[in-house]
Amino acid sequence: MHKGTKGNVELDLYGGYKGAVGDVAYDVGFLRYEYPSNKLAVSANTNEVYGAVTMGPATLKYSHAVSNLFGFADSKNSYYVDLSASFDLGEGFSLVPHVGYQSVKNNSAFSYTDYSLTLGKDLGNGLSATAALVGTDADKALYIT
């Protein structure tokens with residue numbers, strides 16, 4: 001989110017449908033990110049449609065902004081695509097690699113790639129622990145830190 005998008009609350013509203021065809025699972029839906037105290041000249045409120053397919057351990061998801069994106073002027077039709085996987089390592093351990101790309105239409109300086117590698121451990125009784133390495137090539141001078 002760029003520096004001008006400030007507020008005390010983000011409200012996420014969503015709906016969708018999940019199903020499967022053979023070994024391929026799918027998920028389609030709608031997301032709305034609502035910022036009730038937003039005071040930007042261009043509203044930070046964002047509407048997206050998304051679609052994801054999962055096969056084996058891998059999931060590919062595409063999200064498409066049908067409104068301006070998080071306060072960026074003239075950014076309708078921006079998108080985010082991500083590829084993630086989840087690997088069971090046994091003994092309650094899991095490994096989740098992820099790579100994603102955010103394209104901000106007509107605001108390419110704000111486009112970026114992000115990536116992570118998360119190691120999880122199921123501790124039992126509903127408890128778990130995770131550690132992650134997370135990074136991005138986003139220009140840090142343009143974003144809230």
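Just so it is clear, the values below take in all heavy atoms, side chains as well, and ignore hydrogens, waters and symmetry mates.
In summary, of the residues considered (Y26, Y79, Y50), a ring-ring contact (aromatic ring centres under 6.0 Å, His included) with Y62 occurs for Y79 alone.
Surrounding NZ of K76 are at most 12 heavy atoms belonging to other residues, nucleotides or ligands under 6.0 Å away.
Checked by atom type, the side-chain pair Y80/Q102 shows no donor-acceptor distance below 3.5 Å.
Partners of F87 by ring-ring contact (aromatic ring centres under 6.0 Å, His included), not counting sequence neighbours: none found. Scanning for ring-ring contact (aromatic ring centres under 6.0 Å, His included) contacts around Y33 gives F70, with sequence neighbours left out.
Transitive grouping of hydrophobic side chains (ILVMFWY, heavy atoms separated by less than 4.5 Å) keeps L95 and V99 in distinct clusters. Cluster membership check: V28 does not share its hydrophobic cluster with F30, using side-chain heavy-atom separations under 4.5 Å among Ile, Leu, Val, Met, Phe, Trp and Tyr.
At a threshold of 4.5 Å between non-hydrogen side-chain atoms, the residues T118 and H98 do not count as touching. Looking at S75 and N107, their side chains come closer than 4.5 Å, going by heavy atoms from C-beta outward.
How far OH of Y112 is from OG of S103: 11.0 Å, rounded to the nearest 0.5 Å. Interatomic distance, OG of S111 versus CG of D139, reported as 11.5 Å (0.5 Å rounding). Once rounded to the nearest 0.5 Å, the distance linking OG of S84 with NZ of K61 reads 9.5 Å. Atom CG of residue L119 and atom OG of residue S94 lie 6.5 Å apart, to the nearest 0.5 angstrom.
With hydrogens and angles disregarded, a donor-acceptor distance shorter than 3.5 Å links the side chain of T46 to the backbone of A44.
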Which atom pairs, donor and acceptor, lie under 3.5 Å between side-chain atoms of residues 12-23 and protein residues at least two apart or in another chain?
none

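Closest approach of L69 to S78, counting heavy atoms only: CD2-CB, 3.7 Å.
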